Student: 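Pasting in a structure now, in structure tokens, and then I'll have a few things to ask.
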Amino acid sequence: MTILEIQHINKSFGKKIILKDINLQIESSSIIALVGANGAGKTTLINIILNLIPQTSGQIKFLTNDNWKQITGVMMQDNIVLHRITVKEIISLTRSYFDKPLSYEELLNISGLKDHQNNLMTGLSGGQKRRLAFALALAGNPEILFLDEPTVGMDSNARNDFWQEIDRLKKSGKTIFVTSHYLEELENIADRFLILQNSTIAFDGTIKQLRSREGQSLIEFDSELNQIDFENLSNIISINLVGHHFQIITNDVNQLVTELTPYLKAIDNLQVKQSTLDTLLLNYEENNHE
Amino acid sequence: MNKFIFQTKINFKRIVLRNKAFFFFDMLLPIVFYILYTKILVSNVPASYLKVWNEDYLVSMMIYACMLGGIITTANTLLEDEMSNFKLFVTLSPLSNFQYYGSMAIVLITLNLVSSIALTAIAMIVNHVSISIRLLFELISINLLGTILLILIGVLISFARKPNTVNLLTNLVVFPLAILSGLWWPINIMPTWLQNIGKVMPTYQLSVIDKNILHQTTQHIGPFINLLIWSFIIFLILFIVNKIQKEKGLVTQ
């Protein structure tokens, strides 16, 4: 079911074009990762969706509820730290904004601040503030959740817990729209990747599709053979030899492994490494740079 | 409605009850000024003149308290909300701007009500100023209406969005406005050209209305029209600045 439709969004600041004819349909029960280089327009797109800045043209439609604020939860990059207000008070205040909020206890559990509920918000650590921001984003039991750099300031345990919670939310039917600089985290969790480049959505698909389109894999092995023995194999991008250790970058790992079969007796410690999202994104940007 | 009541309750806690700066600036400062200028720094003044001075200075300090609450506290609270990301948080929530600003206005108007009552109590105790409940009610009512204009000025200043600029602007507005309007010392001791500027100020006109109430003299329409014109001008500037900043993606209002 489509929950959000973005139609022909354009945004310019003066003569500078930030977004050009953005069209998207966001389905429910999915995790969508919006990635791209700094300044690509990610924040502008999110701000337009959330009605924080006006678009130059185009339409944003939340399809399941006329009052879109009742069905969205937002965790922005910067924490909210209200002075002279306790954790308990901010959770209760946020709950009061919504028609069908999650229970206070549930939100307290999500925030992990049961022992700090009477503490002032200003006294919380960076990680605690982040977890509280996440709980507040969920206060209205939203259908769609916008997360902008959600794990900044969290330690590795907290990050793991956070992404597990996101996975649980997805399974319970929530839609999650996320941007993050920690691409390795998105790689494991997102169903769909949107690459924003040159003011447009340059790629829209799964990580598998991105790999098959942009993917370069690294094959490593040890061998007494010479570099020249492998240079005629197909789909090789580069060969690097250090001592007897070969590193071959290919854009078709299956084909190359097949072609290496006759050499297997002369090869030890064969390893195939897939490209990370970081590398894929970098390749994508290099290959598609205007 | 529930969210509006809750928001107002939270605003009371953070702006008034748990805010030491509020007690000092909005409550104590006008009281200290009142005692200073009617009891300590006054000498060799005829009793009949002193009686009028004590009453008029009560009006002046009531308006001054409204300025501190309406302009300084409003600007600082809104700035604090901007800096702490609470304004953005509210903008993204189902709470409307009307409810957000409305709940804040209720708190600030109540704050000024408390300041006015405290000042009157001090004036009665220290200087034996006699004021009927009806006159006090009229005075406070008109001052609270004037507070709305002062709150609009506070909102406008908060649009500067930087602590240093907001502090500078509040000081540049509040203190000259208080002096020019004759709130600290009588306007007639200033040069004529300065008096002419002072008499156009909304706070001077508010003091004229208040003094007419207090001395039960005839009210004229002029001061009321002056306040309406100022309200319209400030509201218009607010509207334009907000529109420009929103276009630039600078504000969340």
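Computation of the quantities below employed the complete heavy-atom set of this structure, encompassing side-chain atoms and omitting hydrogens, waters and symmetry-equivalent molecules. In what follows, chains are A, B, ... by sequence order, proteins preceding strands, each numbered from 1. This one's a predicted model, so the numbers in the text were calculated from it and none came from an experiment.
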Student: Would you mind checking which part of B:Asp81 comes under 4.5 Å of any heavy atom in chain A, side chain (CB onward), backbone (N, CA, C, O), both or neither?
Tutor: side chain
Student: For A:Asp78, is it the side chain, the backbone, both or neither that has a heavy atom under 4.5 Å from a heavy atom of chain B?
Tutor: both
Student: Measuring heavy-atom distances to chain B, does A:Thr122 have an atom under 4.5 Å in its side chain, in its backbone, in both, or in neither?
Tutor: neither
Student: For A:Met76, which atoms come within 4.5 Å of any heavy atom of chain B: side chain, backbone, both, or neither?
Tutor: side chain
Student: Out of A:Thr94, A:Asn67, A:Asp99, A:Asn47, return the one with the most heavy atom pairs under 4.5 angstrom to chain B.
Tutor: A:Thr94
Student: If you count heavy-atom pairs under 4.5 Å between each of A:Val81, A:Asn51, A:Leu93 and chain B, which one has the most?
Tutor: A:Leu93
Student: Of A:Leu52, A:Leu50, A:Ile80, which is the lone residue that meets side-chain contact (heavy atoms from CB on, under 4.5 Å) with B:Leu88?
Tutor: A:Leu52
Student: Specify the closest pair of heavy atoms between A:Ser96 and B:Asn2, including all atoms of both residues, with the distance to one decimal.
Tutor: CB-ND2, 4.3 Å
Student: How far apart are the closest heavy atoms of A:Lys69 and B:Pro94, and which atoms are they?
Tutor: O-CG, 3.7 Å
Student: Minimum heavy-atom separation for A:Glu89 and B:Phe6, please, with both atom names.
Tutor: O-CE2, 4.4 Å
Student: If every non-hydrogen atom of B:Arg18 is compared with every non-hydrogen atom of A:Ile85, which pair is closest and at what distance?
Tutor: NH1-CA, 4.0 Å
Student: Is the shortest side-chain heavy-atom distance between B:Phe89 and A:Val74 below 4.5 Å?
Tutor: no
Student: Who are the side-chain hydrogen bond (donor to acceptor under 3.5 Å, both in side chains) partners of B:Ser141, not counting sequence neighbours?
Tutor: none
Student: Measure the CG-CG distance between B:Asn85 and A:Leu82 for me, rounded to the nearest 0.5 Å.
Tutor: 10.5 Å
Student: With distance as the sole test, does B:Lys3 use its side chain to make a donor-acceptor pair with the main-chain N or O of A:Arg95 at under 3.5 Å?
Tutor: no
Student: Taking B:Lys13, B:Lys9, B:Met83, B:Glu80 one by one, which has the highest count of heavy-atom pairs under 4.5 Å against chain A?
Tutor: B:Glu80
Student: Can you establish whether the number of heavy atoms outside B:Phe175 located under 6.0 Å from its atom CZ is more than 12?
Tutor: yes
Student: Counting neighbours of CZ on B:Phe235 that are heavy atoms of other residues, nucleotides or ligands and sit closer than 6.0 Å, is the number greater than 12?
Tutor: no
Student: Can you measure from CG (B:Leu92) to CG (A:Leu136) and round to the nearest 0.5 angstrom?
Tutor: 12.0 Å
Student: Give, as side chain, backbone, both or neither, the part of A:Asn79 having an atom under 4.5 angstrom from any heavy atom of chain B.
Tutor: backbone
Student: Is the number of heavy atoms from other residues, nucleotides or ligands within 6.0 Å of CD1 (B:Ile133) greater than 12?
Tutor: no
Student: What part of A:Lys129 is in contact with chain B, defined as an atom under 4.5 angstrom from a non-hydrogen atom: side chain, backbone, both or neither?
Tutor: neither
